[in-house]
Amino acid sequence: MAGAGAIRTFEDFVKVHGLLLAAAGIPNSLYRKLFEKLSTETFDGGNYFQVEPVEDGRQRRLVLTSDSMAKESNVFLVDHALSFRLSDVPKQLQEVPGLAERMASLMCVDGDLNSDFAEADDVGCESEDGKLGVMEIVEREVQKTKKEGQDAVVWLELDDLDIDDDVFISLDLPSKFPDLIALSLCDNKLKVAETITKEIVKFKHLRALWLNNNPILENCEDYVTDVIIRNCSSLEILNSSFTSKYTEWALGFRGGIYDKDNLGCGHDKDHSLQGVTSLDLSNRRIHSLHNRGFSSDAMPSLSYLNIRGNPLDDHSVSDLLQLLKSFTSLDALEVDIPGPLGDSAVEIVEFLPNLSLINGVNTTRVLESGKRVIDSMLRPRLPEWTADEPLVDRVLNAMWLYLMSYRLADEEKIDETSIWYVMDELGSALRHSDEPNFRVSPFLYMPEGKLESAVSFTILWPAKDLRYGDECTRDYLFGIGEKKQRSARLTAWFHTRRITSLNKASPTSSLARSDGRPLRVYTDIPSVEELLTHPGFILTTDLKEADIIFTSWQVDEETKKATGITDRQYINQFPFEACLVMKHHLADTVQKAHGSPEWFQPTYNLETQLTQFIGNYYVRENDRADNLWILKPWNMARTIDTSVTGNLSAIIRLMETGPKICQKYIEHPILYRGKKFDLRYIVLVRSMNPLELFITDIFWVRLANNTYTLDKKSLYEYETHFTVMNYRGTLNHMNTPEFVKDFEQEHQVKWLEIHSRVKEMIRKVFESAALVHPEMQGPTSRAMYGVDVMLDSSFKPKLLEYGVYQLPTALIVLELVNMTWNQLLATERPSKLENFLTTFSVACF
């Protein structure tokens, strides 16, 4: 991918970027236009598109504002607002000025979750000297009324002013503002239901009241709602939901007609709903649309309607369809499917022939697809947060709805960790469709012809013909079909349908020579060549004459045929040992043999069991059980691409960086001096049938560097949740005797009892392999495995994973001593690992 120099011409551009252009799928006809925009950094999307809020401001969509745009007629650059490696993102959000604020705005998590004033002005709550106090604001409104000769203050916003119960009572708002029709008290500290409702019901003309994000709603929402609605006869909007008393005023408020400047309902009789073209009624708890304001006569120009998230249970399907059919200008409809309009998008479209879009999908495509479920019919998964949750935490939770990824590579190597990124505001507004009209692809532009000069962009181009007003969409899972669990993977962005979800022994032989001659060893492992100095062995470069083959490559039947390896030569691996050393196969082996044993955490192969995992996740969520999971690549070491999260969207999106298992995280491990740790045991296997294992009471203790915590931001801290510090962080190991002594004192336990449980668990795992995979037996196979173990809060061992183990001191495996399990455990226990390696000479060959 390296170039010869700076990119000067179009020909240079294609020569250097040819592979990237082809991989991105960009049409050849757009290459020159792309080069022109890249070389001049032209971001002209704003001339063609507009970003609009939807889903009550909790999501955005991208709309075409040009008269039309033909398929593959243009290409656009999308900037990256944030790029990171997963472990670095909390630090970036905390340390880069303004970044968390920008991301929160882009992801629609910067305002009150339910407030209709999320994007409104501050209504004069700021002065030149800073934020005014609540008393000053109230007094200013009183004086303003007197000075301007108004009849009365009718609209009052007192949001986020730390108003508690005592302050609220002292304000005496019903006396000062008896004619209020709208009062907002969002994000305050109102607590006692009886105290607050007694004061609020004194307002006799209230049409809208917002108490969102006050403690009063946490435990007493039903009581507060009931008291206020019964006593405020004109109330139409309560906490962003419509009451049963709503009229055209509430509809006008949602349609942008009525607000503090255009009050309506008796205050401005000339105002009407005639000009409403777009109406978002999503998640308003509306039970009935039978209302004089909701009619084609009142809103003859209505072209876009969103009624998602409402029960609408005061209608039959046919009644509701008939009502919507009367809106002859209605062009785009958003509704839950299945839902109040029935279970079939096709039947809805057939009954409402004027529709062009239903849930963002072209109605022509819906009719062509017949009864097939359309991905975009699903209800979107929107981020949730609490009022006191910091912006950084909100962004970390919501970002999985927006992230894309790529992996860096050059001619020599590929980077082991993926780069995740968030497109800018324009790119992030592209919503999903299973029949998208745009394509997107990450692209690295190298202006100097070298990877070091690369600048990352996302490229956007039309894949279909569009007309003015069309929503621009992309396929979040482009190229992924049902064979790769498309429907289940869409759960990252949508609320999908929930799913609840040994042989006869034979003697083993020894390779030891009766004449005492040394054994010939062939190896391709440098450490073996360097350290194998025992006189019982000599090295050979002739594979065919070797008695022992100690290799890093996989020896299967095809390899044996190709190299001439015979069944008389001993090999440092067992056939089919992948059933233990690859994480997804290990899980399958254990589950087939034992089901769900206590010593093995619930584990799912996301490539084949995503649906089952989602079902378990929802069950645990409903039961309020711990729902933290660890994702591990099938066959990578050093915790590469391993993540800990409780975010369902994150879990599904992380599949994009390679095949993984998802395993229930041990949230409450036993700690050592407040830190997480695990144990690495070395197991030598001489035979699988009969099962002959060798283990000792010496093990590696691997300690995390940071004090253990389950704080959300800590999940991105490698040195808090991981213990393998050989490759990242400061190495923090202990020798066995020191650890055992301290651990017994700290927790008042006997280590020998714990060690006995660990040995029993390890034996059960190998018994599982022998039972499920009898083909793993090889009469001339010998191997050494690393077994990682963690202890839970009850001191019970939990199996983490297995791995093929190749110590630099390969002498352990190759020295030949016929020693039984009991003999091994009876050997002297040395105080240092180095001494142990000398005495741990086991009968492998």
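Throughout, numbering of the chain's residues begins at 1 and tracks the sequence. Both backbone and side-chain heavy atoms feed into the values below; hydrogens, waters and symmetry mates do not.
- When all heavy atoms of Asp314 and Ser288 are compared, the closest pair comes out as OD2-OG, 3.3 Å.
- Between the side chain of Arg394 and the backbone N or O of Val109, at least one donor-acceptor pair lies under 3.5 Å.
- In this structure, the side chains of Leu426 and Leu460 come closer than 4.5 Å at one or more pairs of heavy atoms.
- In this structure, Asp110 and Ser105 have side chains that are in contact, with non-hydrogen atoms separated by less than 4.5 Å.
- Remark: side-chain polar atoms of Ser234 are not paired, donor with acceptor, to backbone N or O of Arg207 under 3.5 angstrom.
- Side chain of Asp165 to backbone of Val192: a donor-acceptor contact under 3.5 angstrom is found.
- A 4.5 Å side-chain heavy-atom check between Met299 and Phe294 finds at least one atom pair inside the cut-off.
- Arg102 has a carboxylate O that lies under 4.0 Å from a charged side-chain N of Glu425, or vice versa, which qualifies the two as a salt bridge.
- Results of the side-chain hydrogen bond (donor to acceptor under 3.5 Å, both in side chains) test with Arg61 over Gln50, Glu52, Glu55 single out Glu52 as the only residue that passes.
- To the nearest 0.5 Å, the span separating NE2 on His287 from CG on Asp313 amounts to 5.5 Å.
- At least one side-chain heavy atom of Leu156 sits less than 4.5 Å from a side-chain heavy atom of Leu158.
- In this structure, the side chains of Met404 and Tyr421 come closer than 4.5 Å at one or more pairs of heavy atoms.
- Shortest non-hydrogen contact noted between Val154 and Asp179 is CG1-O, 3.4 Å.
- A salt bridge links Asp393 and Lys713; the closest N-O separation between the charged side-chain nitrogens and carboxylate oxygens is under 4.0 Å.
- When all heavy atoms are compared, the tightest approach of Leu64 to Cys472 is N-SG, 3.9 Å.
- The line from OG1 of Thr491 to CD1 of Ile652 is 4.5 Å long, rounded to the nearest 0.5 Å.
- You'll find the side chain of Arg620 reaches within 4.5 Å of the side chain of Asp626, heavy atoms only.
- Judged by distance alone, the side chain of Ser433 and the main-chain N or O of Arg474 form no donor-acceptor pair under 3.5 Å.
- Listed here is the closest heavy atom pair of Asn310 and Ile286: OD1-N, 3.0 Å.
- Side chain of Glu248 to main chain of Ala298: no donor-acceptor pair is present (N/O by atom type, distance under 3.5 Å, no hydrogens or angles).
- For the atom pair Thr225 OG1 and Asn239 CG, the distance stands at 6.0 Å (nearest 0.5 Å).
- Side-chain atoms of Asp331 never come within 3.5 Å of backbone atoms of Tyr304 as a donor-acceptor pair (strictly under, hydrogens ignored).
- Within the 3.5 Å criterion, the main-chain N or O of Leu235 finds a donor-acceptor partner in the side chain of Thr243.
- Side chains of Glu389 and Thr386 form a contact here, defined as non-hydrogen atoms less than 4.5 Å apart.
- Judged purely by atom type and a 3.5 angstrom limit, Asp44 has no side-chain atom pairing as donor or acceptor with the backbone of Asn47.
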Margin query: Applying side-chain hydrogen bond (donor to acceptor under 3.5 Å, both in side chains) to Asp280 and Ser282, what does each step give before you reach the verdict?
Written below: CA-CA 6 Å; Asp280 185 351; Ser282 59; 2.7 Å; yes
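- With Arg58 contributing its side chain and Pro383 its backbone, the two residues share a donor-acceptor pair below 3.5 Å.
- Residue-environment remark: NZ (Lys191) stays at or below the threshold of 12 foreign heavy atoms within 6.0 Å.
- Under the rule for a side-chain contact (heavy atoms from CB on, under 4.5 Å), the partners of Glu199 that lie at least two apart in sequence or sit in another chain are Phe168, Ile169, Asp172, Pro174, Lys202.
- Tested against Met107, the residues Leu391, Asn397, Val422 include a single side-chain contact (heavy atoms from CB on, under 4.5 Å) partner, Val422.
- A distance-only check finds a donor-acceptor pair linking the side chain of Asp336 to the backbone of Gly309 [under 3.5 Å].
- Between Pro380 and Trp493, the closest side-chain pair of non-hydrogen atoms is not below 4.5 Å.
- Listed by chain and number, the residues in a side-chain contact (heavy atoms from CB on, under 4.5 Å) with Asp226 are Arg230 (sequence neighbours excluded).
- We find the CZ-OG distance between Phe494 and Ser649 to be 10.5 Å, quoted to the nearest 0.5 Å.
- For the atom pair CG (Leu185) and CD1 (Ile200), the distance works out to 6.5 Å, reported to the nearest 0.5 Å.
- Heavy atoms only, all atoms of each residue included: Ala492 and Arg653 are closest at CB-CD, 3.9 Å.
- Atom OG1 of residue Thr720 and atom CG of residue Asp711 lie 9.5 Å apart, to the nearest 0.5 angstrom.
- Taking the six-membered ring where the residue is Trp, Tyr258 and Trp249 present parallel rings, their angle staying beneath 30° rather than reaching 60°.
- Side-chain contact, Asn188 with Asn214: no donor N or O sits under 3.5 Å from an acceptor N or O.
- Between Tyr716 and Trp420, the ring centre distance reaches or exceeds 6.0 Å.
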